[in-house]
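Here is the naming used below: chain letters follow the sequence lines, and residue numbers restart at 1 for every chain.
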Number of protein chains: 2
Amino acid sequence: MIKCLLVEDQTLVRLGLANLLNLDSAINIEAQAEDGLQALTLLAEHSFDIALLDMRMPNLDGLGVLQKMREKGDKTPVLIITTFEDCDVLVKALNLGARGYVLKNIELEELISAIKQVVAGERVLQSAVTDFLLKKELSPQLCLTDKEQTVLQCLSLGMPNKMIAKKLDNSEGTIRNHVSQILAKLDVKDRTQAVIKAINQNLI
Amino acid sequence: MIKCLLVEDQTLVRLGLANLLNLDSAINIEAQAEDGLQALTLLAEHSFDIALLDMRMPNLDGLGVLQKMREKGDKTPVLIITTFEDCDVLVKALNLGARGYVLKNIELEELISAIKQVVAGERVLQSAVTDFLLKKELSPQLCLTDKEQTVLQCLSLGMPNKMIAKKLDNSEGTIRNHVSQILAKLDVKDRTQAVIKAINQNLI
DNA sequence: CCCGAGCTATGACAGATGTCACTGTTTTTA
DNA sequence: TAAAAACAGTGACATCTGTCATAGCTCGGG
């Protein structure tokens, strides 16, 4: 019997998923959390064979939970279950030791088999995900640097160059250069398009 | 026994929700659709006491389904179940005759009671939703005109003024005026912020 | 019939934005 | 260690953006 922790903020989805998974005789959802903090508490108090983690949550998101788990030396295998085809988040999650990453539109049987594979020590990545990794591998120069990430985040909050410069304690010219670089890497023509792309691809 | 049609694109969520709702002795999910087109087909072939509609879907979204239903004179009561606190979409859905609008983070018991209320002919709006309606009512001058809507859509595609002007067959100056007007109504300082707001509040 | 609202347009203006070229410093890495 | 990135900065430049004042047109409601 596989002991699972299910972490998902939307009550309906969480309860529904728990029900579905419990129908499988090999799987048992032993605990549920509706945000990252609850998840950490449960992980500290009990031991699970696997943790099913949603990415977007209030208080502490999936990445945050992974981070804290690693800091504490918690080795519970983690399977990320998320809505969006992501990019950076995927890479970050894998770097933080996530053992699998699947999208919510996965079929039930696939999810169950993914859970069993992760518990068996395998890595599970959907093809949509590996495709992305390949693309990324083939064009590493398109990756944003840390600073560019930061600036992009500011852009996504609608900040003008001047304000970004003040916030990051740089000259406006420097910010302009960073923005220019971001536009080139994202292959767009202006900040608005950059923000749209960032939001769509969840680069932020 | 309440005959339900459940429309939701994410397999996991759909199956999970169907399971949960079927646990209630008064509710029976008789059919499921994973996009708007399937939903329309099922609605045409069978009769249901209520349709539970997700908003964001491939092919044809919730609003599209509502629209088509109204065109066909289909009077099946509709309860919208969506992830995001919305704005325009909410108003549009209600205008298209949706009988209820609830967020996905609702508790299961509340959802079940909402379903029963809608079937009983009542209207169901969560307080978050009614709050918004009130706010909207108090500031009607903030509504975008049709043209402004169109321009905002173009903005959300990342188009510069010149391109919008060409596409809508206007002078660039006219577009600038419209944009200016949009910024004032949305209470933001530039097009980027406008797009961010539009995406977040789903004004597009 | 007239008023207001929506749409169109123009010109002028200030400021924001993005590009380029060039110069450094620091940190990473091969 | 030496080369390569990342980071910070400047100045100049063309263009885009947003604001304002002003004005003409059309259409529907009072």
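When rounded to the nearest whole Å, the span between CD of Glu148(A) and C1' of dA5(D) equals 11 Å. Whole-Å rounding puts the Lys147(A) NZ to dA8(D) C1' distance at 8 Å. The CD1 atom of Ile182(A) sits 13 Å away from the P atom of dT17(C) (whole-angstrom rounding). Rounded to whole Å, the distance from CG on Leu183(A) to P on dT15(D) is 18 Å. Rounded to an integer number of Å, the gap from CE of Met159(B) to P of dC16(D) is 14 Å. As a whole-Å value, the separation of Gln193(A) CD from dT17(D) C1' is 14 Å. Remark: C1' of dG18(C) and NZ of Lys162(A) are 15 Å apart, rounded to the nearest angstrom. In this entry the distance linking CG of Asp146(B) with P of dT8(C) reads 11 Å, nearest Å.
In summary, Glu8(B) and Arg56(B) do not engage in a salt bridge, as defined by a charged side-chain N under 4.0 Å from a carboxylate O. Salt-bridge annotation for Arg14(B) and Asp54(B): absent, with no side-chain N of the basic residue lying under 4.0 Å from a carboxylate O of the acidic one.
Judged purely by atom type and a 3.5 angstrom limit, Asp35(A) has no side-chain atom pairing as donor or acceptor with the backbone of Leu60(A). Using modelled atom types, no side-chain atom of Gln181(A) and backbone atom of Asn177(A) make a donor-acceptor pair closer than 3.5 Å. Counting only distance, with no hydrogens or angles, the side chain of Lys3(A) and the backbone of Ile50(A) share no donor-acceptor pair below 3.5 Å.
Sorted by residue number, the members of residues 166-180 of chain B with any non-hydrogen atom under 4.0 Å from DNA chain C read Asn170(B), Ser171(B), Gly173(B), Thr174(B), Arg176(B), Asn177(B), His178(B).
No hydrogens or angles considered: a donor-acceptor pair under 3.5 Å links the side chains of Asn170(A) and Lys147(A). A donor-acceptor pair shorter than 3.5 Å cannot be found between the side chains of Glu45(B) and Thr41(B).
Screening Glu110(A), Glu109(A), Gln117(A), Lys116(A) for a side chain to side chain donor-acceptor pair (under 3.5 Å) involving Ser113(A) leaves a single residue, Gln117(A).
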Heteroatom pairs (N/O) under 3.5 angstrom, protein to nucleotides 23-30 of chain C:
none

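Phosphate contact (OP1/OP2 of dC16(D), side-chain N/O of Asn161(B), threshold under 4.0 Å): absent. Look at Thr145(B) and you won't find any side-chain N or O under 4.0 angstrom from OP1 or OP2 of dA5(C). For Lys189(B) and dA16(C), the shortest distance from a side-chain N or O to OP1 or OP2 is not below 4.0 Å.
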Verdict with reasoning, Leu103(B) to Thr82(B), per side chain to side chain contact (heavy atoms under 4.5 Å, CB included): CA-CA 5 Å; Leu103(B) 302 179; Thr82(B) 189; 4.0 Å; yes
